[in-house]
Novice: 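For reference, the structure I am asking about is given below.
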Amino acid sequence: MAKWLIKSEPSECGIDDFARDPDGFIPWDGVRNYQARNFLAQMAEGDEVFLYHSSCKHIGIAGIVRVVRGAYPDPLQFDPESHYHDPKSTRDKPRWQAVDMQFVSRLPRLISLDRLKSLPALAELPLVRRGSRLSVMPVSEAEWQAILALPNG
DNA sequence: GCCAACGTTGGC
DNA sequence: GCCAACGTTGGC
């Protein structure tokens with residue numbers, strides 16, 4: 001099963017929001033970047049995902065969530081009232097995808113961006129690459145293990 | 001709030 | 001297809 005990392009502002013949707021309803025799910029919608037969309041489309045039920053908190057006080061990986069429904073057309077693209085409405089998208093040829101995510105766990109301690117940057121095993125991860133703004137990215141098994149292997153102190 | 005880096009748009 | 005202008009992201 002593939003592994004992934006998604007970025008989110010905790011003020012919008014963070015690990016607390018997932019933990020609040022651990023048996024429910026949260027639609028991961030509103031992604032409006034083609035590269036990120038292409039990765040979303042590859043997500044399958046059961047895939048595990050690091051949740052990264054951005055644009056906040058404590059920046060870093062806060063927890064793990066899981067894909068409980070693979071890619072489906074993002075309904076917001078059809079909603080004229082939505083900020084994420086896309087007038088160029090049609091039901092026949094939807095342009096944007098969403099997936100549903102469910103809480104798995106909090107990390108015992110948030111793994112800060114600084115620590116992630118210091119890991120040689122993550123040198124190729126877009127998250128730590130200068131100027132990268134990709135919000136959905138694949139994480140290799142080696143990268144996943146390198147992150148989980150970090151001591152909690 | 002600043003601003004560098006990047007993606008998208010649209011005129012030509 | 002080029003590229004300037006603009007909007008967004010996201011760390012600091």
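All chains are named by letter (A, B, ...) in the order of the sequence lines, taking the proteins before the strands, and each is independently numbered beginning at 1.
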Novice: Please classify the nucleic acid contact of Lys117(A) as base, sugar-phosphate, or nothing, using heavy-atom distances under 4.0 Å.
Specialist: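 Result for Lys117(A) = sugar-phosphate.
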
Novice: Is it true that Trp96(A) and Tyr34(A) have ring centroids separated by less than 6.0 Å?
Specialist: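 Centroid distance Trp96(A)-Tyr34(A): below 6.0 Å, so yes.
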
Novice: Are the side chains of Ile6(A) and Trp28(A) in touch, meaning some heavy atoms are under 4.5 Å apart?
Specialist: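 Of all side-chain heavy-atom pairs linking Trp28(A) with Ile6(A), at least one is under 4.5 Å.
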
Novice: Assess Arg69(A) against Tyr72(A): is NZ or CZ under 6.0 Å from the centre of the six-membered ring, and within 45 degrees of the ring's axis?
Specialist: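 Geometry flag: set, cation within 6.0 Å and 45°.
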
Novice: Could you tell me how far apart Leu113(A) (CG) and dG10(C) (P) are, to the nearest whole angstrom?
Specialist: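 Nearest whole value for this atom pair: 12 Å.
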
Novice: For the pair made of CG in Asp114(A) and P in dG11(C), what is the distance, rounded to whole Å?
Specialist: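 It is 11 Å, rounded to the nearest whole Å.
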
Novice: List, with names and distances, any nitrogen or oxygen atoms from the protein found under 3.5 Å away from nitrogen or oxygen atoms belonging to nucleotides 5-9 of chain C.
Specialist:
residue, atom, partner, partner atom, Å
dT8(C), O2, Arg133(A), NH1, 2.7

Novice: When you measure from the centre of the six-membered ring of Phe78(A), is the NZ or CZ of Arg91(A) closer than 6.0 Å and no more than 45° off the axis?
Specialist: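 Cation-pi check for Arg91(A) and Phe78(A): passes.
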
Novice: Looking at Asp74(A) and Arg37(A), is there a salt bridge between them, counting it only when a charged N and a carboxylate O are closer than 4.0 Å?
Specialist: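 Result for this pair is no, no salt bridge flagged.
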
Novice: What is the separation between atom CZ on Arg129(A) and atom C1' on dA4(B), rounded to the nearest whole Å?
Specialist: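 After rounding, the gap between these two atoms is 17 Å.
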
Novice: Between Gly131(A) and Lys88(A), which is nearer to the 5' end of DNA chain B once each is assigned its nearest nucleotide?
Specialist: Gly131(A)

Novice: Fit a plane to each ring of Trp4(A) and Phe39(A), take the angle between them on a 0 to 90° scale, and name the class: parallel (under 30°), tilted (30 to 60°) or perpendicular (over 60°).
Specialist: tilted

